[in-house]
Amino acid sequence: MAMRTGAPGQSFRLTTAEWIGLLVAILIMFVLLQASYISFKPVPGNDPRWPLGWWGWFDQGNYLRAAKAFLDLNFAPSEHYYPPLYPLVGAAFVGLSPAHPFYFVDLAATFGFFLLFVFTTRRYVGFWAALVVGATFMVAFHMVRLQWVIPWTSTLSALLVAAGLYLFDRFDRARGDGRWGIAAATSNAFVFGLLCGLQLPLRPGDILLMAPIALGYGGLVVIDMVNGPAFVRRRAIWSAVAGVVGLIPGAVLMFGFNLIVFGDLLGGYFEGHVDKGFYFADLPEKVFSLVVASHPIYLERGADWLTELPLNALCIGFVPAAALFARPLVFRIAAVAALLQMALYFSFSDALPTGTFRYWNIHYFKWMLPWMAVFAVSFVYQSAAGIRDDRGRARTGLATGVLLTLLLFSVNVEPVPRSTVTVEEGDQARLVLHNPQGRPIEYIDIDGKPGDWGQVYFDNHATIRLDGGDPLQNYGEYRMLPRGGDGIRLVFIRPTSAFEISVDFGESLTPTADLDGTSVRPYDVNFGLDLPFASHWR
């Protein structure tokens, strides 16, 4: 059976059975989401011991504080930590449901994302495959389902990304259709620009997710301007103007908000997040630790994608394969956006296995989870049932995805003990490293009695200095981790080549004996290849 793609600009209709299937899927999804909302203890009101629920968390508490401040026309900087769009939308429901103001916002965004995903991908993998993949990778797994239930700005951001991909695909298919007039093209471009612009006051970092989609859209518009017939050129010019105009509301909201609240165009959000650092040189180690095996470096077994999201982990090789070989163009664009997000977010200093599932940071990636699966499905589908000319390309993509996945999960890391270390103790331990090659140190294991998890990981009050410099920032530059009951591990987010490291342990560690070269052990790590999945189970 040939793949049903439709003519350019054509929107083929759903059959009665498909409409029924769509409605049944929405009903099942609603029931599962509602069940999680009712049973999840951090939902405000579900646990009398913690009546605030997730409003006592940092992110959610700041969302609600800002939403209430908007209602009171309170623009004090202390009330507005995050960009304004998500709290502003939630403010509309504070009066209706003070304890659950983001419920309706998130529910609408969740189903909007689902519908846009299905209607974008159904042309290329078939309706039923799109429906099953979308529903499964949104609500079938508890960990993922919670990310659509908990108030996160990423829920609304996912809707904007899905809408951007849908509009891009709509434009790509309609370009060659002479019946697609200037009004349709300009309205499509304006809404697309509006979505891109609204990411700025919602999740500024996710502008980078929209960037490949916007560049792809803009590239097609430029091609039409240069190579199209007169009518197509006029249509492209109006589209370009409309797209740029669409960016304005989001920019005005963000920068106007910053001026009113902070007296500065950039406000405080950008500086606070950029200060934590993006270390792209450490990306290979982060990909290994976050996706393949979390315990070799971060001592957190079972905190990686392969444990928590095995189906998505096994699809990860299909993301670069889709960027290279997928058809249609919207699949390649979505794959590039996913790769860009992984490169950016995995490089972020605060993206660690210890927080990915324990503290729900996996929500950053929820938009791409069904897309990762549909890339694999599309290669299988098109290899067997696609248009004849596309079958060879699809089979190449399928083989590439399988090989890349096997290669990734064959990677292993081996600790490399560093040369001797001299320990000098006073008010703090001063580690003098014998570092003739200048090889970077990934982590240091230090024996002693560790504090509890919070004292070690969060409020350790430790002071770490490299070569006598300023203290390193916890979260941004290092993390301390309890190493069972016999010590801690000091992990450098960006491996260091310092010759001298001074450590005041604060509450994180009480040395039980004199520290020396046997109780303080610095390590580098080497990457190598092993049997597939060996590092995960070792």
Side-chain angles (χ1 to χ4, degrees), residues 54-55 57-94 101-102 104-106 108-110 112-113 147-148 150-164 192-211 213-214 246-278 337 340-341 344-345 348-351 360-361 363-367 475-476:
W54 55 45
W55 303 132
W57 300 354
F58 181 84
D59 293 312
Q60 287 67 28
N62 277 294
Y63 300 156
L64 184 60
R65 182 180 297 108
K68 292 179 176 178
F70 278 124
L71 281 182
D72 296 335
L73 300 181
N74 181 350
F75 298 103
S78 60
E79 303 302 301
H80 299 277
Y81 180 82
Y82 285 107
L85 183 57
Y86 191 64
L88 191 60
V89 175
F93 299 94
V94 169
F102 294 96
F104 299 104
V105 176
D106 294 338
T110 298
F113 175 89
Q147 309 320 309
W148 297 98
I150 299 170
W152 293 117
T153 55
S154 58
T155 302
L156 196 53
S157 175
L159 175 65
L160 298 186
V161 173
F192 180 83
L194 180 66
L195 298 173
C196 293
L198 288 176
Q199 281 286 19
L200 187 61
L202 178 63
R203 287 182 61 84
D206 284 0
I207 292 175
L208 290 175
L209 307 187
M210 300 295 288
I213 315 172
L247 295 171
I248 294 174
V252 169
L253 176 59
M254 181 63 177
F255 296 122
F257 167 82
N258 284 341
L259 279 175
I260 293 171
V261 174
F262 302 103
D264 180 82
L265 281 176
L266 294 182
Y269 181 80
F270 290 99
E271 182 179 356
H273 283 69
V274 171
D275 278 352
K276 290 186 177 180
F278 295 85
L340 187 61
Q341 182 179 17
L344 181 70
Y345 280 58
F348 188 47
S349 60
D350 199 30
W360 319 113
N361 288 340
H363 79 91
Y364 298 141
F365 306 97
K366 65 191 178 193
W367 78 270
Y475 303 101

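Computed from a prediction, not measured in an experiment: that's the story for all the values here. Numbering of residues begins at 1 and proceeds along the displayed sequence.
- Between Tyr81 atom OH and Phe58 atom CZ the span is 4.0 Å, to the nearest 0.5 Å.
- Closest approach of Gly164 to Met210, counting heavy atoms only: CA-CE, 4.3 Å.
- Closest of all the heavy-atom pairs between Phe192 and Ile213 is CE1-CG2, 3.6 Å.
- Residues passing the ring-ring contact (aromatic ring centres under 6.0 Å, His included) test with Phe113 are Trp148, sequence neighbours excluded.
- With sequence neighbours left out, Trp152 forms a side-chain hydrogen bond (donor to acceptor under 3.5 Å, both in side chains) with Gln147.
- The side chain to side chain donor-acceptor pair (under 3.5 Å) pairs that include a residue from residues 69-78 number zero, where partners must be two or more places apart or lie in different chains.
- Across Ala67 and Pro87, no two heavy atoms sit closer than the pair CB-O, 3.4 Å.
- Of all the heavy atoms in Leu195 and Leu160, the pair that sits closest is CD2-CD2, 3.6 Å.
- Every side-chain hydrogen bond (donor to acceptor under 3.5 Å, both in side chains) that Gln341 has, sequence neighbours left out, goes to Trp367.
- In this structure, the separation between CD1 on Ile207 and CG on Leu200 is 4.0 Å, given to the nearest 0.5 Å.
- Residues satisfying the side-chain hydrogen bond (donor to acceptor under 3.5 Å, both in side chains) criterion with Ser154, sequence neighbours excluded, are His363, Lys366.
- Partners of Pro101 by side chain to side chain contact (heavy atoms under 4.5 Å, CB included), not counting sequence neighbours, listed by chain and number: Trp55, Leu64, Phe93, Val94.
- Considering all non-hydrogen atoms of both residues, Leu247 and Gly197 come closest at CD2-N, 3.8 Å.
- Contact of the Leu85 side chain with the Val89 side chain is registered, since non-hydrogen atoms from C-beta on lie closer than 4.5 Å.
- Evaluation of the side chain to side chain donor-acceptor pair (under 3.5 Å) test over residues 196-205, restricted to residues two or more places apart or in two chains, returns Thr153-Arg203, Ser157-Gln199, Arg203-Asp206, Arg203-Tyr345.
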Asp264 vs Leu259, side-chain contact (heavy atoms from CB on, under 4.5 Å): CA-CA, chis, key distance, verdict:
CA-CA 5 Å; Asp264 180 82; Leu259 279 175; 5.8 Å; no
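- Below 30°, between 30° and 60°, or above 60°: for Trp57 and Trp360 the angle between ring planes is below 30°, a parallel geometry.
- Residues satisfying the side chain to side chain contact (heavy atoms under 4.5 Å, CB included) test with Leu88, not counting sequence neighbours, are Phe70, Leu253.
- Under the side chain to side chain contact (heavy atoms under 4.5 Å, CB included) criterion, Leu340 pairs with Leu208, Pro212, sequence neighbours left out.
- Here the shortest heavy-atom pairing between Glu79 and Ala69 reads CB-CB, 3.8 Å.
- A search for side chain to side chain contact (heavy atoms under 4.5 Å, CB included) contacts involving Val261 returns Phe75, Pro77, His80, Phe257, not counting sequence neighbours.
- Annotation: side-chain hydrogen bond (donor to acceptor under 3.5 Å, both in side chains) contacts of Tyr364 (sequence neighbours excluded): none.
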